[in-house]
Amino acid sequence: MRDDDDPNPKDPEAKPDVSGVSRRDFLKISGLSITLPLVGEPKMAMAAGQQVVVHGPGKVPMEFSINGRRLKADLEPRVTLLDALRDQFELTGAKRVCDRGECGTCTVLLDNKPVYSCSVLAIEAQRKAITTVESLMQDGKLHPVQQAFVDNDASQCGFCTPGFIVACKAFLDRHPHPTPEDIRHGLSGNLCRCGTYNGIRKAIAQVAQKGA
Amino acid sequence: MRPFEYVSPSSRAQAVSLLGTAWGNTEILAGGTDLLALMKDDVVAPKRLINIKEIKDLRGVSLSAQGLRVGALTTLGDLADDANVKKNYPVLAEALIEAASPQIRNLATLGGNLCQRPRCWYFRNGLGLLPKDETGRELVAAGENRYHAILGNDGPAKFVSPSTVVPVLIAYGAMVRIEGPKGKRELPLEKFFVIPRTDSEREHDLRPNEVITEVLVPPATGVKAAHYEIRQREAFDWPLALAAVALKMSGSKVQTARVVLGYVAPVPWPSPEAEQTLQGQPVNEESAQKAAEAALQHATPLSSNGYKVQLARVALKRAILKAAHRGAA
């Protein structure tokens, strides 16, 4: 078994990937050929004597503000913000784990407030400022929360880390000088199955002390 | 998630006219934290979502001589942060913060909190609100019921009412306002919750084409309130039992008491027995214990949840003592 994303396959029998198409690109192209057309004229419904637009169930043109950029996509109303970020806009920092609003790996900021992007429909997130973990690093320099995670060994497998970083940033913006109890409650929406909570608590304390 | 149509009405009248007269085909989308999870699990499969978040007059929190008015779309987070709520209804602010993680509180609305569906694992696994097997045997009574009801469970409904905020609101005497095709109506929050007898009913009195518009909480001046939740985790967990208490004192004695238990029955469970026991009594270990025993005297635990009777007693006793020891708002 080999991972198509692995740049250095160990198996000497393995042929170089002549197409130069990554697994993610391949999935995207194959998906595209099946689902490309069909953004129809909006349907209307009568509601209390007025016409209102009925979106979907097919694809609807949508426009987003993500990390300060205007981005457009045609999506079905049932697509969550998380799936739109990952599958349409290549922003794979927010992770899909429980997909039920419990684990916190999909945390992003919506108008500066942390939310579970799995629990918001993309269509609802239009006209809101969406901020993902990808925007935190500025000019090649890690965000203070990211740097504190590195300094305090606050991740092990790393899968929960992007969600935790966004949640920690939002938490520290609101509580610049948190007590240990504030930290326990304020980060209760993110889970780490490796159990790196001590490192995360230390990382938060470091940022709080520096007053970043 | 199955495909669906999505409509965003801009007024209450539009929303009401877009809703259907039967449950199932349309659902109201507010915060979506519960609804989307139910749709992903195919527990509900609406053909159309009515997004009510564009209806501006369903928002806002205001305080007047009549008390607190909370628009149904107010998020749990915004309500917990409201200066008037913190000052005048501190127990409500506490309950809101304990109700969910920050990420949920920033999305979930108060109206949605009233309408959230039970956490019963039979229901969440698609076996229905009143799950039965093909022979008509009730699955909860015969099966895994350690988190289920110990009161009000004589009918087919064995789940527990899921809101941790509602018992506090009921203790404060909250009313709920609803709008539908026949106009507006208002009822005490405790009357909003009903125990369903058939699969076509829901856990509340809302009709399929009605919308909750606001929650009203009377002034709480001089009220000593508290709530106490017993949970396996300190933060962000569903309680095993909870109690909410609001006491009006006359000197050192209880003039009137409101006592509401949560996570013990298919509805938030007011206890007139405990209220009567407390009336005219000073609050101490003994009177709190007596009230707790009165509240649970008719408990009918299922095969695996007898422990919840004691937990509910403890939650209530501690809530009563906590209320008495804290200053009135």
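Keep in mind that the numbers below use all heavy atoms, side chains included, and drop hydrogens, waters and symmetry copies. Naming convention: chains lettered A, B, ... in sequence-line order (proteins, then strands); numbering from 1 in each chain. Everything quoted here is computed from the prediction, not taken from an experiment.
- For chain A, no part of B/Lys47 is nearby; none of its heavy atoms comes within less than 4.5 Å.
- Here the rule is side-chain hydrogen bond (donor to acceptor under 3.5 Å, both in side chains) with A/Lys113, and of B/Thr75, B/Asn106, B/Asp78 only B/Asp78 fits it.
- Annotation: the span from B/Gln103 atom CD to A/Ser117 atom OG amounts to 10.0 Å, rounded to 0.5 Å.
- Between A/Leu187 atom CG and B/Ser101 atom OG the span is 10.5 Å, to the nearest 0.5 Å.
- With a threshold of 4.5 angstrom between heavy atoms, A/Val53 approaches chain B through N, CA, C or O but not through any side-chain atom.
- Distance CG/B/Asn51 to CD1/A/Ile123: 8.5 Å, rounded to 0.5 Å.
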>> Would A/Leu121 and B/Tyr6 count as a side chain to side chain contact (heavy atoms under 4.5 Å, CB included) here? Give the steps.
In response: CA-CA 10 Å; A/Leu121 294 173; B/Tyr6 179 92; 4.2 Å; yes

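- Atom NZ of A/Lys202 has 12 or fewer heavy atoms from other residues, nucleotides or ligands within 6.0 Å.
- The shortest heavy-atom contact between A/Ala45 and B/Leu18 is CB-CD2, 4.3 Å.
- Note that the OG atom of A/Ser188 and the CG atom of B/Asp237 stand 10.5 Å from one another [nearest 0.5 Å].
- Between chain B and the options A/Met46, A/Arg184, A/Glu76, heavy-atom pairs under 4.5 Å are most frequent for A/Arg184.
- Taking both residues in full, the closest heavy atoms of B/Glu5 and A/Pro57 are given as CG-CD, 3.7 Å, listed atom of the first, atom of the second, then distance.
- Between chain B and the options A/Pro114, A/Ala48, A/Ser119, heavy-atom pairs under 4.5 Å are most frequent for A/Pro114.
- Remark: the backbone N or O of B/Met1 is paired with a side-chain donor or acceptor of A/Arg78 at under 3.5 angstrom.
- More than 12 heavy atoms of other residues, nucleotides or ligands sit less than 6.0 Å from atom CZ of B/Arg124.
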>> Walk me through whether A/Glu124 and B/Leu49 qualify under side chain to side chain contact (heavy atoms under 4.5 Å, CB included).
In response: CA-CA 12 Å; A/Glu124 301 175 84; B/Leu49 289 194; over 6 Å; no

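- Residue with the most contacts toward chain B among A/Cys118, A/Gly56, A/Pro77, A/Ala167: A/Pro77 (heavy-atom pairs, distance under 4.5 Å).
- Looking at B/Leu38, neither its backbone nor its side chain comes within 4.5 Å of chain A, counting heavy atoms on both sides.
- In this structure, the portion of B/Arg48 lying under 4.5 Å from any heavy atom of chain A is its side chain and not its backbone.
- Contacts of A/Asp99 with chain B are made by both backbone and side-chain atoms, with heavy-atom separations under 4.5 Å.
- The pair A/Arg100-B/Asp34 fails the salt-bridge criterion, with no side-chain N (NZ, NE, NH1 or NH2) lying under 4.0 Å from an Asp/Glu carboxylate O.
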> Run the side chain to side chain contact (heavy atoms under 4.5 Å, CB included) check on B/Ser8 and A/Val52 step by step: do they pass?
Replying inline: CA-CA 8 Å; B/Ser8 288; A/Val52 291; over 6 Å; no

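- When the candidates B/Met39, B/Arg233, B/Arg2, B/Lys40 are compared by the number of heavy-atom contacts under 4.5 Å with chain A, B/Lys40 comes out ahead.
- Contacts of A/Val120 with chain B are made by both backbone and side-chain atoms, with heavy-atom separations under 4.5 Å.
- Looking at B/Ser17, the atoms closer than 4.5 Å to chain A (heavy atoms on both sides) all sit in the side chain, from C-beta outward.
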>> Run the side chain to side chain contact (heavy atoms under 4.5 Å, CB included) test on B/Ile97 and A/His185 for me, step by step, so that the C-alpha distance in whole Å, both residues' side-chain angles and the decisive distance to 0.1 Å come before the verdict.
In response: CA-CA 9 Å; B/Ile97 286 171; A/His185 283 266; 5.6 Å; no

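- In the displayed structure, B/Lys322 atom NZ is contacted under 6.0 Å by more than 12 heavy atoms of other residues, nucleotides or ligands.
- Using modelled atom types, one finds no donor on one side chain facing an acceptor on the other under 3.5 Å when comparing A/Tyr116 with B/Thr33.
- No part of B/Glu98 comes within reach of chain A, as not one of its non-hydrogen atoms sits under 4.5 angstrom from that chain.
- With a 4.5 angstrom heavy-atom cutoff, B/Leu29 touches chain A only via side-chain atoms.
- With a 4.5 angstrom heavy-atom cutoff, A/Leu109 does not touch chain B via any of its atoms.
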